[in-house]
Every structure is written in C-alpha cells, then in structure tokens.
Amino acid sequence: MGAARWGVLAACLAAAVAVLALVAGATGEQQRPAPALPAASGPAGVRPLDGPWIVRGDHAWRGVALGWRKGHFAGRTVRVPFSPNARHVRGVAGERSFAGSVAWYRTTVTLPRAGVYALRFESVNHRAAVWVDGRLVTRHTGTYLPFEAHARLAAGAHELVVRADWRDPAAMKADAWHRTWFNFGGVNGPVSIRALGPSELASPSIVTRLRGNDAVVDVAVGVTNRAGARTIAVRGKLAGATLRFAPVSLGRGASATVRARVRIARPDLWEPGHPTLEQLRLEVPGEAVFTASVGLRELRWAGGRLQLNGEPLKLQGASLQEDAPGRGDALTPADADAIVARLKAIGANATRTQHPLSDALLDRLDAAGILVWQGVGPVDAPGAWTSRTPVQQRRAIRRVRLNVLQARLHPSVVAWNLANEVAGNGHYGGQPEYVDAAARLVHRLDPGRPTAVDVWGTHMPDRAGFMYRHIDAVGATNYEGWYEDTLAPAATVQAGIDAWLARLRATFPGKVLVVSEFGAEANRLNAPGAPGSESFQANLLTRHIRAYEAASWLDGELVWNLQDFALAPSFAGGSIRRQVPNINLVRGINQKGLFTYGGEPKPAVAAVRRAFGG
C-alpha cells in the first residue's frame, strides 16, 4: 500500500462523472455519479514523483556506455506511470513492441533537508536499475511488485535515473514471470519519496468479526526501529475508537508486528451498495504516522457458502485487465474511473484479476463497493507451471507475501487467488506444494479472507487432492458453447452447462464455488447470430448466467472479460478456429470483452445487466 495511493489523489471527480455519463448514454441507462475517492492513505510525508520525467528508448543498449546513469540524456517529457511501448500493439509494429526494449527515465528531486530517504516504486516491468546522482542504489526484477531503495541524501537537487528492461517476454515466461496480456514495459506504477524517521509503520491489516450489533476488530501493523535499542509504543484510532497496542522492545533495525483489538458499537458496515469507509490512524508519536481509509466488514465461508456481514453473498461481474489503448497498464486516473464505470454499467458487485491490481484502482473499487477476486503470486498459462526450481519457488512465495501485504487493507478484496487455471491436482514440478504453502501463509497473513485457486474447467480432477486441503474457494472456467459445442443446438449447450455444474459441485464439496471465466469473442465482422458475432456473445452469456443464477449453491459468476484487451500480436483466437475455421477475429486483440478495446459497449453489456437482475 502506501505511496501508490498518493499518486491518484489528483484524480478529478468531474472526469469520473463524465465517464459514467458516456457509459450511461451508450447503454441507455442512468448511472449514479462516481463515488468520491478515499482520503490519502499510507505513511505520512509521502511525496509523489509523477513528473515531469524525461524518457528515452535504448533498444541498442547504448545508455550504459554513454553514461546515462548520471542523467545525461535528452528525450520525451512524460508523467509516470508511463509505458513507452503502449502505442503499438498490432501488426509488425506491435510485434516489435511486444518483443520489448529498454528505456531510461530521469527526473530531478529537490529535498529540503538532509536525511535518509526511501524511494518507492510500485511497479516496473521488468528489470529495473535505479541510480541517484550516478550511484546505483537498487536493482529489482518483476512487475506488480513494490520495491524501495533507501539512500542518505543531502539537501538540494538530486538526479534520479531509472532503467527499465522488458526485453524477451518468452524468457520472462520461462522464468515464471508470465503475464496474460501485452508486454507493456517501463515504469508502469507510481514512484514516490519519503523521509525515514526513527521508526516506520507498514502493512497494517484489519479483520472484522460481528458480535450481535457490534464489531470486534483486530488491527495489526508492522513497526521497525531505525534508532538505538529501545521500547516503542504504537497508538491508534479506528472509526473514532482508541486502539491500544502493547509496547514492544526492539534493537536497531529490528521489526515486529503489534496488535490491538477494539469493539465498535453498531458499526456502519462496508458492503456493495453501501461502501462506507472509516478512518484508521496509527502513529509512533513524533516519529511515524500511517493513515488509511478502510471498510469494516465480515467475510465468512463456512460450509462452502460465502457470507458478507452475515448475509449470503453471490459475486456477479466480469474480470478485467489493466489495459488502456495507448497507455497499456500505466493507467491514468480517468482510465481507472472508466473501468469502475464499466463495471457499474453491467450491474457488477465484483470483478476478478489474474495479476495484482494497482492501489489506485483498488481505491476506486473500495469507494464503489465492488469486490475483487484478486490474483496474487505467479501466473501461468492454463495447465502450466513454470516455478520449478528452488529459487523460483521461493520467489513465488515471496510474491504472494508482498502482494497480500500490499493489498490486504482494501475492503474490496474478497479472496486471494493463488493460481490461474490449474489442471487436475496440480502440475508436476512443485505446483501442489506451492499452493499448499501459499495458502497456509495467506491464512496467517490475512485470516479474514478465503484462499482460492482457479481451475481449468475442462481439466478438473476426478477427486480433489492434497493441493486443495488449505484452499477455501475454487473458481473454475466454463467455455461450453464457445470452445466446446460451438455450433451445437441450444439444448445441447444447456445440457453441457448443467452437467459441468454437477461435476464441479461433486468434485469440491464444502468449498466456496465460483464460475470464474466464461464468455465468447465478439465483433461486427461476423454475421449476426454466428459464432464471433455480438448477438452470439450476448445470447451465450445470458444462457450461462441464467444457469448459474439458478444454482442456489453457487457463490458467483464472473464473465471473461470486461473489455477487449491486447495480447501477443500473433494471437488469432486460439482453439476456436478448429471449431469455426472461417470466424473473423482481430489478430492480437482478445475480443471476449463486453466493451470494445476503445471502450464502446457491445450488446452483451445490456444482456449481462439484465441477466444479473439489473
């Protein structure tokens, strides 16, 4: 959490209202104004470094020899986040863009006083090197993973330089860094700086349990001592109630987690349709402050039934990829507002992501009351597993830890999904062991949410094995009527959906069950009613949702996908071409979205909203 939230504070509510009006006009329905964003969250004293920055490409890898680490290069003026290769995603130019490159970024940071500072990066794809005044301060590998560099700096101006290297997505995938859409490179997350004091507070969490009309809330926060050995006392407030933490004795550089419990009478609970946010303030007086906007809500999942605040919860919505044309995953505030507006347009109370979302977008989902089936850790193609070496497996667990610590304060996160479309009881080479270890870790880090995996729907196990023993929830993909029985009569498709649901329920008794992917590609290049047409998509989605809504034991359904998105320029639709050889699809774009890549609603938007009961 922390600095990423500061990068969105300049978002204009009027822009969000304009996006909502656009969607409302396209769907013919009235939309509520976008909710106000939460107050600033994170450590006190965070300063966004959003720009201006100078960025220059370095495909030939000349920057090192030319001394660019000292900032001696010209280029284009931008604001970060910024992806240099997001402009071209199709055709020959798209192929070069997808293959990756190197870019250098520089900006000048002026500090009012000398001290030790933390430079924080929320995400850089893929390999990052960071210099201050020509001195290397850190290296990092992996996108959607926050990292920091600590440096002692004098008062005055300093040159900050970042090199981002996102070459060779095939090698990234082989090294367990697979991503499920285009290879957008660069500094694709916010950057910030803050002065470090004698102590630091980080990664707080809250777990709410309802007791009659009251809420019992457990609050935890990490505290680090940067001074000499001493006793540190953390104080706090939550929704106006005082938090009492026991003092902790720490040596220089040592860290510990402190905990407090408070009972709040008649809390105003967070939930879809009523996303109340309360203020959390934690401090070491005179040294460190951490503030956040949080939601008090209780999740339970006993007996395979998901409950929110004591009431049954059924997830309805669509998955998303962070991809805006021309900007890729380096979203602007308006891009994030548009995503929320599109979810609202289909009547969603939930979404799903295969990769960790930015704090900027999670802030908006918190405020909008939209739950997130959140993917964490490594992502693999269906049935695959690439974290096979001991180093990769340790890294996989570390990624889970960092992703959970980063997002666990967001009330919108409803489940931690540990793997994408696993086959059977897991892939050889350590996937079952990874899932089991990660699930146990997440239960310790965040006992207030269920752990989950997504299962490849055509490769469910005959009997759930060891991998699922600490998993609370299972999502499963079902492409009946698209990749299977594409040209079959409606009755055959319906029978296939019903049989698949029966098998899902029988295979995972006692688990929360969600259909986490279903859908069909759609554009206007195919004849109405034919596979690949917009009417075919709308009709198939309606059939699926009606079947899932009729299954009272099912805990939700999430369409794939909210909006069309770019992926490898060579993508031509996959196995659907074996079923429908003459189908017309746009190469390099996944067109299963309810909205086009440009954001225009397809007929499926209204169809899905009706099927959800909106």
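These numbers come from a predicted model, not from an experiment.
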Original post:
If we ignore angles and hydrogens, is there a donor and acceptor under 3.5 Å between the side chains of Ser293 and Gln279?
Top reply: yes
Original post:
Ser123 and Thr143: which non-hydrogen atoms are nearest, and at how many Å?
Top reply: OG-OG1, 2.9 Å
Subject >> Shortest non-hydrogen contact from Arg127 toward Thr141 >> reply: CG-OG1, 3.8 Å
Original post:
Would you find more than 12 non-hydrogen atoms of other residues, nucleotides or ligands less than 6.0 Å from Arg244 atom CZ?
Top reply: no
Would you list the atom pairs, donor with acceptor, under 3.5 Å between side chains in residues 179-187 and any protein atom, with sequence neighbours excluded?
residue: Arg179; atom: NE; partner: Phe182; partner atom: O; Å: 2.8
residue: Arg179; atom: NH2; partner: Tyr144; partner atom: OH; Å: 3.1
residue: Arg179; atom: NH2; partner: Phe182; partner atom: O; Å: 3.2
residue: Arg179; atom: NH2; partner: Asp329; partner atom: OD2; Å: 3.0
residue: Thr180; atom: OG1; partner: Gln321; partner atom: NE2; Å: 3.0
residue: Thr180; atom: OG1; partner: Gln354; partner atom: OE1; Å: 2.7
residue: Thr180; atom: OG1; partner: His355; partner atom: NE2; Å: 3.1
residue: Trp181; atom: NE1; partner: Glu322; partner atom: O; Å: 3.2
residue: Asn183; atom: OD1; partner: Asn125; partner atom: ND2; Å: 3.2
residue: Asn183; atom: ND2; partner: Phe98; partner atom: O; Å: 2.9
residue: Asn183; atom: ND2; partner: Trp166; partner atom: O; Å: 3.0

Original post:
Is any NZ, NE, NH1 or NH2 atom of the basic residue among Glu159 and Lys70 found under 4.0 Å from an Asp or Glu carboxylate oxygen of the other?
Top reply: no
**OP:** Scan side-chain atoms only and decide if Asn417 and Asp454 contain a donor-acceptor pair under the 3.5 Å cut-off.
**Re:** yes
Original post:
Does Glu283 come within less than 4.0 Å of Arg235, counting only side-chain N to carboxylate O?
Top reply: no
**OP:** State the NE2-CZ distance between His274 and Arg297, to the nearest 0.5 angstrom.
**Re:** 14.5 Å
**OP:** Applying ring-ring contact (aromatic ring centres under 6.0 Å, His included), name anything that partners Phe147, two or more places apart in sequence or on another chain.
**Re:** Phe121, His140
**OP:** Please assess Arg259 against Asp218 for the test salt bridge (Lys or Arg N to Asp or Glu O under 4.0 Å), listing each intermediate value before the final yes or no.
**Re:** CA-CA 7 Å; Arg259 306 177 189 278; Asp218 290 314; over 6 Å; no
Original post:
Just checking, Arg163 and Trp104: is the charged tip under 6.0 Å from the six-membered ring centre and within 45° of the axis?
Top reply: yes
Original post:
Any chance the side chains of Asn188 and Ser83 put a donor and an acceptor closer than 3.5 Å?
Top reply: no
Original post:
Looking at Trp61, is Arg167 sitting on its ring face, NZ or CZ under 6.0 Å from the six-membered ring centre and within 45 degrees of the normal?
Top reply: yes
Subject >> Asp175/Arg395 ion pair, N-O < 4.0 Å >> reply: yes
Original post:
Is there a donor in the side chain of Lys173 and an acceptor in the side chain of Thr386, or the other way round, less than 3.5 Å apart?
Top reply: no
Subject >> Salt bridge flag under 4.0 Å for residues Asp446 and Arg408 >> reply: no
Original post:
Any side-chain heavy atom of Trp68 sitting closer than 4.5 Å to one from Asp58?
Top reply: yes
Original post:
For the atom pair CG (Leu365) and OG1 (Thr351), what is the distance rounded to the nearest 0.5 Å?
Top reply: 7.0 Å
